[in-house]
Amino acid sequence: MIQLTPNSPHALQPSRAWWPFTRSRELESQLGLLADRAVRLEAQLKELDLRRKVIESEWSFWRNVLTAMPDPVLVTDSFDEVLLLNEPFQRLFGLTQEGVLRKPVDQAIPNAALVKAITGARATHTRGVRRLDLEVEVGGVTRMFRVGVTPIMSLPGGTSEGPTEECRGVIVTLHDLTAEREVAASKNDFVSSVSHELRTPLASIKAYVEMLIDGEAADDKTRRDFYDVISGEANRLSRLIDNILNISRIESGLVRVDLKPVNLDLIIRDALDVIVPQARQREIEVITQLSPAVHQIAADRDMIYQAVLNLLGNAVKYSPPGATITVSTAVDEAAGEVSATVADTGPGIPEKDLPHIFDKFFRSKANNQIAKGTGLGLAMVKHVVQAVHHGSITVESKVGQGSRFTFRLPVLK
Ligand code: ADP
């Protein structure tokens with residue numbers, strides 16, 4: 001500080017020339033100090049500005065990370081106000097960014113259980129993810145979410161003033177479990193159906209072998225009958241296992257899908273080469289009405305071949321001698337689809353069974369005496385057409401008149 005008070009010893013000095021000299025030296029030194037300080041302040045300012053820019057870019061990076069997450073994400077602050085929410089979160093709860101930013105969560109989020117979890121996690125001031133399962137209505141459908149609520153704690157020994165950590169807010173993430181739950185449920189169904197289906201022929205084989213061991217087959221003819229039953233049941237078991245492996249390998253994606261431009265008519269002709277001799281043996285006529293237009297589809301040739309073979313095979317094995325099977329293809333230009341139909345004049349399927357006809361292991365009681373089967377063929381056809389090729393399959397049938405299976409696949413543009 002420059003001190004020029006009346007009490008200063010300089011104030012008594014008589015020489016006018018001396019005054020400015022002394023004052024200017026003091027001033028010079030003070031100005032020098034000030035200039036030094038100004039330079040230091042400017043450097044500090046620059047550093048602060050740099051730090052601000054680094055913090056801003058880090059914040060924008062983390063904001064981008066959170067908003068880019070495919071799962072719904074919400075971040076709140078220490079006042080339980082909405083700080084950030086990504087698009088999936090907005091979509092899930094029908095919110096808009098402008099509508100909820102900086103709003104208290106109990107006003108912003110229309111789900112009481114979630115609000116309770118957020119405020120509860122923030123108020124406990126302790127680390128650790130809290131998990132809860134939440135049902136949310138999306139477009140009239142109830143979906144199940146696994147929610148993770150993670151308090152954001154201030155670093156220990158860092159910026160927090162007290163000895164305990166402080167909760168600066170909460171990160172909420174939601175993970176849609178609906179599909180996983182459905183897959184798990186269908187796997188369970190599949191495993192229990194498989195066990196049930198395998199147990200029946202096994203039990204029968206066991207019973208007949210025990211009767212043979214106990215000497216219950218007194219004569220050669222009875223013994224031969226028992227051997228026939230055992231052999232038949234063993235064959236059924238082997239067919240079941242083959243089909244089960246087939247369908248589960250396709251469904252689990254173990255079989256590589258090889259989509260290539262193919263001509264559906266050529267695949268059908270290959271399947272007919274196998275089926276027509278079998279049909280002829282059973283005195284069944286096969287009529288072919290393939291579309292004259294050649295339309296390519298993007299398909300896995302082997303899978304579509306298996307699907308066609310299954311439909312034709314069913315038509316042959318369930319139809320009586322003298323029946324007719326008609327195989328036709330058509331193109332629906334407007335829908336951009338090519339369709340294939342396998343129609344027979346066989347026994348037909350009861351109306352009450354039609355909704356279950358594509359279910360795994362379903363066999364219509366009305367027809368299961370006509371031919372052997374596992375109830376897995378049509379389930380495989382449906383999976384190949386719908387899940388693998390994004391097509392559709394339908395069935396029309398009338399008892400005593402016949403059945404008509406049609407599948408449609410998108411035409412290659
Ligand atoms: P399966 O191995 O029993 O033939 P599928 O899944 O191929 O199994 O067929 C399921 C059931 O649908 C069959 O058990 C049968 O009752 C009925 N079905 C399928 N195709 C026909 C058809 N062309 N005519 C009559 N019934 C059929």
Side-chain angles (χ1 to χ4, degrees), residues 186 189-190 193-194 196-201 232-251 268 271-272 274-276 278-288 303-328 339-388 392-407:
S186 84
D189 285 355
F190 186 59
S193 306
V194 165
H196 176 77
E197 293 299 320
L198 294 181
R199 207 171 283 139
T200 319
E233 290 299 282
N235 284 339
R236 180 160 134 73
L237 209 53
S238 149
R239 261 199 323 270
L240 258 172
I241 291 169
D242 282 351
N243 283 343
I244 290 164
L245 285 179
N246 218 350
I247 197 164
S248 67
R249 281 172 68 227
I250 291 178
E251 281 195 352
I268 292 174
L272 283 170
V274 176
I275 290 295
V276 169
Q278 293 176 17
R280 219 172 270 148
Q281 244 181 14
R282 304 202 54 230
E283 292 166 37
I284 293 170
E285 189 191 359
V286 179
I287 300 171
T288 313
M303 286 192 185
I304 294 292
Y305 173 77
Q306 278 302 327
V308 173
L309 210 58
N310 252 288
L311 295 178
L312 286 171
N314 276 350
V316 171
K317 79 179 181 184
Y318 290 106
S319 298
T324 307
I325 298 172
T326 309
V327 188
S328 55
S339 67
T341 300
V342 176
D344 62 56
T345 56
I349 301 160
E351 205 181 325
K352 69 170 175 44
D353 290 343
L354 287 177
H356 309 289
I357 211 74
F358 296 103
D359 293 354
K360 287 189 195 100
F361 299 109
F362 181 83
R363 302 202 71 217
S364 169
K365 279 205 175 67
N367 299 342
N368 67 6
Q369 297 304 320
I370 303 176
K372 290 193 173 74
T374 57
L376 287 170
L378 288 180
M380 192 277 278
V381 176
K382 184 179 172 190
H383 183 81
V384 164
V385 170
Q386 289 193 354
V388 180
S392 59
I393 181 158
T394 51
V395 57
E396 296 156 72
S397 193
K398 271 218 155 63
V399 173
Q401 290 184 20
S403 310
R404 189 183 170 83
F405 288 88
T406 302
F407 68 83

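Keep in mind the model is a prediction, meaning the values are calculated, not measured. What you see below is based on every heavy atom in this structure, not just the backbone, and it leaves out hydrogens, waters and symmetry mates. Counting convention: from 1, in listed order, for ligands and their atoms alike.
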For ligand 1, which atoms, with element, lie under 4.0 Å from some heavy atom of [X]?
X	value
Ile349	18 (N), 25 (C), 26 (N), 27 (C)
Ser364	14 (O), 16 (O)
Asn367	16 (O), 25 (C), 26 (N)
Gly373	1 (P), 2 (O), 3 (O)
Gly375	1 (P), 2 (O), 3 (O), 6 (O), 8 (O)
Thr374	1 (P), 2 (O), 3 (O)

query: Should we say atom CZ of Arg282 is surrounded by more than 12 heavy atoms from elsewhere, each under 6.0 Å from it?
result: yes
query: More than 12 non-hydrogen atoms from neighbouring residues, nucleotides or ligands closer than 6.0 Å to CZ on Arg239, yes or no?
result: yes
[X], portion touching ligand 1 at heavy-atom distance under 4.0 Å:
X	result
Phe362	backbone
Lys317	side chain
Leu376	backbone

- request: Quickly, which of Leu311, Thr394, Val384 forms a side chain to side chain contact (heavy atoms under 4.5 Å, CB included) with Phe407? Name it, please.
  value: Leu311
field: Ionic contact status for Glu251 with Lys360, cut-off 4.0 Å
entry: yes
task: Might you point out which heavy atoms bring Ser319 and Ala323 nearest each other, and give the distance in Å?
output: CB-CB, 3.7 Å
task: Quick one: look up the protein heavy atom nearest atom 17 (C) of ligand 1 and list residue, atom name and how far away it is.
output: Ile357 CD1, 3.8 Å
message: Tell me the protein heavy atom at minimum distance from atom 4 (O) of ligand 1, and give that distance in Å.
response: Tyr318 OH, 2.7 Å
- prompt: Do the ring planes of Phe405 and Phe358 sit parallel (below 30°), tilted (30 to 60°) or perpendicular (above 60°)?
  reply: perpendicular
Within-cut-off N or O pair, Ala379 and ligand 1, under 3.5 Å: no
- request: Ignoring angles and geometry beyond distance, decide whether Phe405 reaches within less than 3.5 Å of ligand 1 through its nitrogen or oxygen atoms.
  value: no
